[in-house]
Amino acid sequence: MVTGRVDLRSDTVTKPSEAMRAAMANAEVDDDVLCYDPTALCLETEMARLTGKQAAIFVPSGTMGNLISVLVHCEIRGSEVILGDKSHIHIYENGGISTIGGVHPRTVKNNEDGTMDIDLIEAAIRDPKLDICYPVTRLICLENTHGSCGGKCLSVEYTARVGDLAKKHGLKLHIDGARIFNASVALGVPVHRLVQAADSVSVCLSKGLGAPVGSVIVGSKAFIARAKTLRKTLGGGMRQVGVLCAAALVAVQHNIGKLEGDHKKAKSLAEGLNGIKGLKVDVSSVETNIIFFDILEGANITAPKLCKNLEEHGILVLPGSSSTIRLVLHYQISETDVPYTLSCIRVMDYEASFYPGPIGINLLFKTATQVPFIPILQKAVMGVPDENGGK
Ligand SMILES: Cc1ncc(COP(=O)(O)O)c(C=O)c1O
Ligand SMILES: C[C@@H](O)[C@H](N)C(=O)O
């Protein structure tokens, strides 16, 4: 039986584990601006190893990881970056590359699978012979997995093709790898192969890996040296940061193996949602831990209203639009949380004019799970197949 909250708003919501808290309390620390905090150095060395890059630095957030990376690659005024029109950097980072770095964004349409067509990327590269009119293209950014495209994975092959294009035109390649470990686990490919073509990667430790804070930028030694200076400029130089890096080390050491479970729970939740009249999910498109589902025309509920109804049962989700809801799985979602979530969504019959309310739903859920001989109720609440196997 589920108790408390089922927080599906994002994989950024996890609380530090007891092991993380113990590691934080006992972390060996020093002033990371004046020298090297030993725990930060340990984390950065491990992340450089895992990603196959020369060096790494710890930063407070993925937003700062992307900002620093773009600004180092585009430190000459009048620079332009090519990025996806649905990319996190373009949509969710307050336009920081422009407002802080003066870098001009040039968007290319994101396909549903998170890629951008290679020919459209090449067409977006400015002709250097006309530089008196144009900004100068200096960087291409990819996002793997792609958050707004449902957690889709970019393949090694696609990333290598974009890398070849960047080299052909003397450009750099940055990967927003907030969920690169999800892509690695889903594709069965080591992270260092997925990012081989990239000059820099920003990796979030505070998402599916479950660290309370932080990201790491990886790249060449020269790139990381410039990134470290810019981190200080932006106020991201931290003192005894080992307290945070200790938790991140626990996350990297213990939680990569849990990502596959997140993906399995996402698939199971998507399949259950797809069986509910009034909702639509493309189950085959759920590759990792993110689900977007649609509320169909004619259903007598909007996404914000459904979010509110679910919140009354302790289930927290975020609307993607007026008719779409996003669910993000993480390792603190238990096996029973998935059927409980489905039972709460299932009972809110989208054609019914009434809604039994939280007390009604909890009563139905308890009855259906503890009095299994009422098949009609079980079917309504749990979606279990009836004697003919139907739903
Ligand atoms: C794809 C992607 N990139 C970057 C970020 C930024 O990370 P942070 O929230 O730590 O700034 C997020 C989400 O938070 C994200 O989903
Ligand atoms: C919304 C976005 O900023 C955040 N990274 C998330 O996926 O929850």
Side-chain angles (χ1 to χ4, degrees), residues 7-16 47 57-71 81 83-97 99-100 105 107 110 113-116 141-154 159 174-184 186 191 194-195 198 200-218 231 234-236 238 241 244-245 247-248 251 259 262 266 286-292 303 307 316-321 324-333:
D7 196 343
L8 295 161
R9 292 174 295 168
S10 176
D11 46 7
T12 60
V13 302
T14 55
K15 305 293 185 291
M47 292 306 291
I57 53 162
F58 182 81
V59 289
S61 68
T63 298
M64 188 182 277
N66 287 326
L67 178 64
I68 289 174
S69 299
V70 172
L71 268 48
V81 56
L83 72 180
D85 64 341
K86 295 193 183 76
S87 63
H88 194 274
I89 293 173
H90 189 60
I91 306 287
Y92 293 109
E93 300 182 8
N94 304 101
I97 63 170
T99 52
I100 296 173
T107 58
N110 271 122
D113 63 0
T115 62
M116 296 179 278
C141 289
L142 296 177
E143 183 175 319
N144 194 10
T145 66
H146 199 291
S148 294
C149 292
K152 293 286 191 311
C153 304
L154 301 188
T159 307
H174 171 70
I175 295 177
D176 174 355
R179 297 183 179 88
I180 196 70
F181 282 95
N182 291 83
S184 167
V191 169
L194 279 176
V195 303
S200 60
V201 190
S202 175
V203 182
C204 285
L205 303 164
S206 57
K207 293 203 168 44
L209 297 185
V213 175
S215 288
V216 171
I217 305 172
V218 296
R231 179 184 70 175
L234 295 170
M238 294 169 281
V241 73
L244 299 177
C245 294
L259 294 174
D262 299 346
V286 177
E287 297 179 358
T288 55
N289 67 324
I290 298 175
I291 304 167
F292 282 97
C307 293
L316 305 182
V317 298
L318 288 177
S321 70
T324 307
I325 287 185
R326 183 186 78 158
L327 307 176
V328 185
L329 281 293
H330 51 81
Y331 85 97
Q332 291 179 352
I333 296 296

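Hydrogens, waters and symmetry mates play no part in the numbers below; they use all other heavy atoms, side chains included. Computed from a predicted structure; not experimentally measured. Atoms within a ligand are numbered from 1 in the order they appear, just like the ligands themselves.
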**OP:** Could you pull out every protein residue that has a heavy atom closer than 4.0 Å to ligand 2, ordered by chain and then number?
**Re:**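 Within the 4.0 Å shell of ligand 2, which is judged on heavy atoms, sit Ser10, His88, Arg179, Lys207, Arg326.
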Original post:
Could you give the distance from OG (Ser215) to NZ (Lys207), rounded to the nearest 0.5 Å?
Top reply: 6.0 Å
**OP:** With rounding to the nearest 0.5 Å, note down the distance linking CZ in Phe58 to CG in Leu244.
**Re:**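 Going from the CZ atom of Phe58 to the CG atom of Leu244 covers 5.0 Å.
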Original post:
Which atoms form the tightest heavy-atom contact between Val286 and Ile290, and what is the distance?
Top reply: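 Nearest heavy atoms, Val286 then Ile290: CG1-O, 3.9 Å.
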Between the side chain of [X] and the main-chain N/O of [Y], is any donor-acceptor distance below 3.5 Å?
X	Y	answer
His330	Asp7	yes
Glu287	Lys152	no
Ser10	Val13	no

Provide, line by line, the atom pairs where ligand 1 and the protein bring an N/O atom each to a distance under 3.5 Å; else say none.
unit_1, atom_1, unit_2, atom_2, d
ligand 1, 3 (N), Asp176, OD1, 3.2
ligand 1, 3 (N), Asp176, OD2, 2.7
ligand 1, 7 (O), Lys207, NZ, 3.1
ligand 1, 10 (O), Gly62, N, 2.9
ligand 1, 11 (O), Gly62, N, 3.4
ligand 1, 11 (O), Thr63, N, 2.9
ligand 1, 11 (O), Thr63, OG1, 2.6
ligand 1, 14 (O), Lys207, NZ, 3.1
ligand 1, 16 (O), Arg179, NH1, 2.9

Subject >> For Asn66, side chain to side chain donor-acceptor pair (under 3.5 Å) partners two or more places apart >> reply: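 Asn66 satisfies side chain to side chain donor-acceptor pair (under 3.5 Å) with Glu93, His174, Asp176 once adjacent residues are dropped.
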Subject >> side chain to side chain donor-acceptor pair (under 3.5 Å) involving Gln332 - partner list, sequence neighbours excluded >> reply: none
Original post:
Would Leu194 and Ile180 count as a side chain to side chain contact (heavy atoms under 4.5 Å, CB included) if you check the C-alpha gap in whole Å, the side-chain angles of each, and the deciding distance to 0.1 Å?
Top reply: CA-CA 8 Å; Leu194 279 176; Ile180 196 70; 4.2 Å; yes
